[in-house]
There are 2 protein chains.
Amino acid sequence: MLVSPAEPPILKELGTVSSTPEKYGADFLISSPVYGLVGIQRKELSDLVASAHDDRISRELISMKELDHAIWLIEGTPQWSSEGQSMWTRTNYTRSRHLGFLFMLSFQGFLLLSTDTITESGLLLSALEKWLQKEKHKGINGRPTARGEWGQADEREWRIHFLSGLPGLGSTRAEAVLDYFGGMPLEVHGDWSEVPGVGKKTAEQIRRIFDGN
Amino acid sequence: MLVSPAEPPILKELGTVSSTPEKYGADFLISSPVYGLVGIQRKELSDLVASAHDDRISRELISMKELDHAIWLIEGTPQWSSEGQSMWTRTNYTRSRHLGFLFMLSFQGFLLLSTDTITESGLLLSALEKWLQKEKHKGINGRPTARGEWGQADEREWRIHFLSGLPGLGSTRAEAVLDYFGGMPLEVHGDWSEVPGVGKKTAEQIRRIFDGN
DNA sequence: CCCCAGTGGATCTGA
DNA sequence: TCAGATCCACTGGGG
C-alpha cells in the first residue's frame, strides 16, 4: 500500500510513503490482482464540509477517474441540530447538503466507507489491503447444504433443497414441482406453469434460467 | 417511494406500502428520471450478523442486480472489543468479517450508506427521494456510471446459485460445471465426473439426486 | 463474510 | 500406464 506523505504518522505506518497516490487524487493506493488499482481518499468530517464548498473537490474527483476503483473513506460521525444544522462546524452546513454530497459521490461511482476514528480507519485500511490481495472471493452465490429433519438429508430433501434455489421457488413450491413431475423434474425444458402454486410468471422466470432468453 | 410491508410504521409513512420492492430484494423502491430504478435494502446491524450466513441474503443480492442502482443502508454503529469482537451480539462476529462483507458489497457494485438510528434512516430516505427526483445534478460529472456486467448478468448468478445447491458443489465447482457444459443445457443424466474439480465421487453423489439409486 | 477442518480431486512418483 | 502416496483446492460447518 502506498501512502501519501500528507497523512498522519499512524497511517503512514501502513505502507510505503510515496507521492504517487496524489497523482490519482488519493491518499492511499492499493493494487489488487482482481480489482486493479484502488485509490482511497480519506476525509475527516470537518474536511468534508470544506470540500463540499470548495472546487478543489472537482479536481480530485476527476483525477480519481483513472483508478479502477475509487473509495471515499469518511471519518467521523455527523451530529445534527434538530433543524438539521451541523453541530461540529461554524459554517452553514446542513444535513441535506451533506446527504446530497454523499448521494452525488455514490451515484458517480465512488465507493463510500465510513469510520468513527482514525484508529478505525487504520484497521479498515489494513483489512482492505488484505482483502484486495486475495485471488479469489467466494462471492454471493453459494448456498448452505440441505438439512433434513434428522440431520442428514435424504434424497427427497436434497431435491427439494436443490429446486428451491430457483427464483420464485421456496420449499413449498419446490415440493409441489417434485410431486407434479413425480420425481425429479426431468423436463427442465418443459412447462412448469401447470404446477399448482407456480404460475405463468414464475414458470417464465425459471424457463429463462434453463434456456436463456 | 414504495415501501415493503415488513418495514416499521415510521418508515411506511414515507411512501406507499407495496410488495413490489420485495421482488427486487429491496425494502424501498424509488424511480428516478436520471438514475432509473433504485432499490434500497435497510439492514440493522444486528440483522447483518445473521445475514452474513443466510441463504436468503444471496437471493436478495441476486435479485437486486435487476435494479439500476442498489443501495444498502446500514443502521447502527458497530462497537468492537480490543480483540475485534462485536460488542452488540453474543455470536462470534468479528471486525474482519464485518468489513469483508462491506467490501464484498461495495465491489459487487452496491452503494453503501450508513446511519445511526431509524430516525436518521427516515430522514436519509426522504432526502434521497427528493434528490433522485431532480432532473439535473450540478457539480462534477465524474466517473462514468460504469455498470459493466451489472443489470443483465444475473442469469448466470442464478444458475450458479441454483447449482451450488447440489451436494459437493460450491460456487467454484458450480461455475466449472456451467463452463464445462457451456451454459445451462445441462446433461442432467450425463457424466459430470469429467468436469474439472468434480470427480467420480461427487459425480456419483449428484447422479443419485437426479436418477435415484 | 472469516476461519478451520476434513474430504476428495489432481498431480506426481516409480516400476 | 497405472496404483498408490502426496498435496492442495474446495466444500461444509460453525461462529
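In what follows, chains are A, B, ... by sequence order, proteins preceding strands, each numbered from 1. Fair warning: this is a prediction, and the values are worked out from it, not measured in the lab.
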Checklist entry - Roughly how many Å is it from CG in L45(B) to C1' in dC1(C), rounded to a whole number? => result 13 Å
Item to check | Value in whole Å for how far the P atom of dC1(C) lies from CD of E60(B) | outcome: 16 Å
Checklist outcome for this item: K134(A) atom NZ is separated from dC10(D) atom C1', nearest whole Å, by 14 Å
Checklist entry - So what does S58(B) hit on the nucleic acid, given a heavy-atom distance under 4.0 Å: a base, only sugar-phosphate, or nothing? => result nothing
Checklist entry - So what does L169(B) hit on the nucleic acid, given a heavy-atom distance under 4.0 Å: a base, only sugar-phosphate, or nothing? => result sugar-phosphate
Next on the checklist: For the residue pair S18(B) / T16(B), report whether a side-chain donor-acceptor contact shorter than 3.5 Å exists.
Outcome noted: no
Checklist entry - dC1(C) phosphate, OP1 or OP2: any side-chain N/O from W131(A) under 4.0 angstrom? => result no
Item to check | Flag if over 12 foreign heavy atoms under 6.0 Å of NZ, K130(B) | outcome: no
Checklist entry - With a non-hydrogen cut-off below 4.0 angstrom, is S96(B) in contact with a base, only sugar-phosphate, or nothing? => result sugar-phosphate
Next on the checklist: The test is salt bridge (Lys or Arg N to Asp or Glu O under 4.0 Å); show your working for E204(A) and R207(A) and say whether it passes.
Outcome noted: CA-CA 5 Å; E204(A) 169 58 20; R207(A) 197 198 53 74; 3.1 Å; yes
Under 3.5 Å, which donor-acceptor pairs link side chains of residues 4-11 of chain B to any protein atom two or more places apart or in another chain?
{"from": "S4(B)", "atom 1": "OG", "to": "A6(B)", "atom 2": "N", "distance (Å)": "3.0"}
{"from": "S4(B)", "atom 1": "OG", "to": "E22(B)", "atom 2": "OE2", "distance (Å)": "3.1"}
{"from": "E7(B)", "atom 1": "OE1", "to": "R42(B)", "atom 2": "NE", "distance (Å)": "2.8"}
{"from": "E7(B)", "atom 1": "OE1", "to": "R42(B)", "atom 2": "NH2", "distance (Å)": "3.2"}

Checklist entry - F103(B) pairs by side chain to side chain contact (heavy atoms under 4.5 Å, CB included) with which of L132(A), L113(A), L111(A)? => result L113(A)
Item to check | Euclidean distance, atom NE2 of residue H137(A) to atom C1' of dC10(D) [Å, nearest integer] | outcome: 16 Å
Where do N or O atoms of nucleotides 13-15 of chain D meet protein N or O atoms at under 3.5 Å, pair by pair?
{"from": "dG13(D)", "atom 1": "OP2", "to": "T145(A)", "atom 2": "OG1", "distance (Å)": "2.4"}
{"from": "dG15(D)", "atom 1": "O3'", "to": "N92(B)", "atom 2": "N", "distance (Å)": "3.4"}
{"from": "dG15(D)", "atom 1": "O3'", "to": "N92(B)", "atom 2": "ND2", "distance (Å)": "3.1"}
{"from": "dG15(D)", "atom 1": "N1", "to": "R97(B)", "atom 2": "NH1", "distance (Å)": "3.3"}
{"from": "dG15(D)", "atom 1": "N2", "to": "R97(B)", "atom 2": "NE", "distance (Å)": "2.7"}
{"from": "dG15(D)", "atom 1": "N2", "to": "R97(B)", "atom 2": "NH1", "distance (Å)": "2.6"}
{"from": "dG15(D)", "atom 1": "N3", "to": "R97(B)", "atom 2": "NH1", "distance (Å)": "3.1"}

Checklist entry - dC1(C) P sits how many Å from R56(B) CZ, rounded? => result 17 Å
Next on the checklist: Does K200(B) have more than 12 heavy atoms from other residues, nucleotides or ligands lying within 6.0 Å of its NZ?
Outcome noted: no
Item to check | D54(B)/R59(B) ion pair, N-O < 4.0 Å | outcome: no
Next on the checklist: Is K130(A) close enough to dC3(C) that one of its side-chain N or O atoms is under 4.0 Å from OP1 or OP2 there?
Outcome noted: yes
Item to check | Side-chain donor/acceptor of D68(A) to backbone N/O of V38(A), under 3.5 Å | outcome: no
Next on the checklist: Output the rounded distance in Å from CG (N141(A)) to P (dC10(D)).
Outcome noted: 15 Å
Item to check | Whole-Å gap separating C1' (dC1(C)) and CZ (F103(B)) | outcome: 11 Å
Checklist entry - What string of B, S and - do you get for nucleotides 5-13 of chain C, 5' to 3', if B is base contact, S is sugar-phosphate-only contact and - is no contact with any protein heavy atom under 4.0 Å? => result ---SSS---
Item to check | Whole-Å distance separating the CZ atom of F110(B) from the C1' atom of dC1(C) | outcome: 14 Å
Next on the checklist: Less than 4.0 angstrom from a charged side-chain N to a carboxylate O is my criterion; do K23(A) and E66(A) meet it?
Outcome noted: no
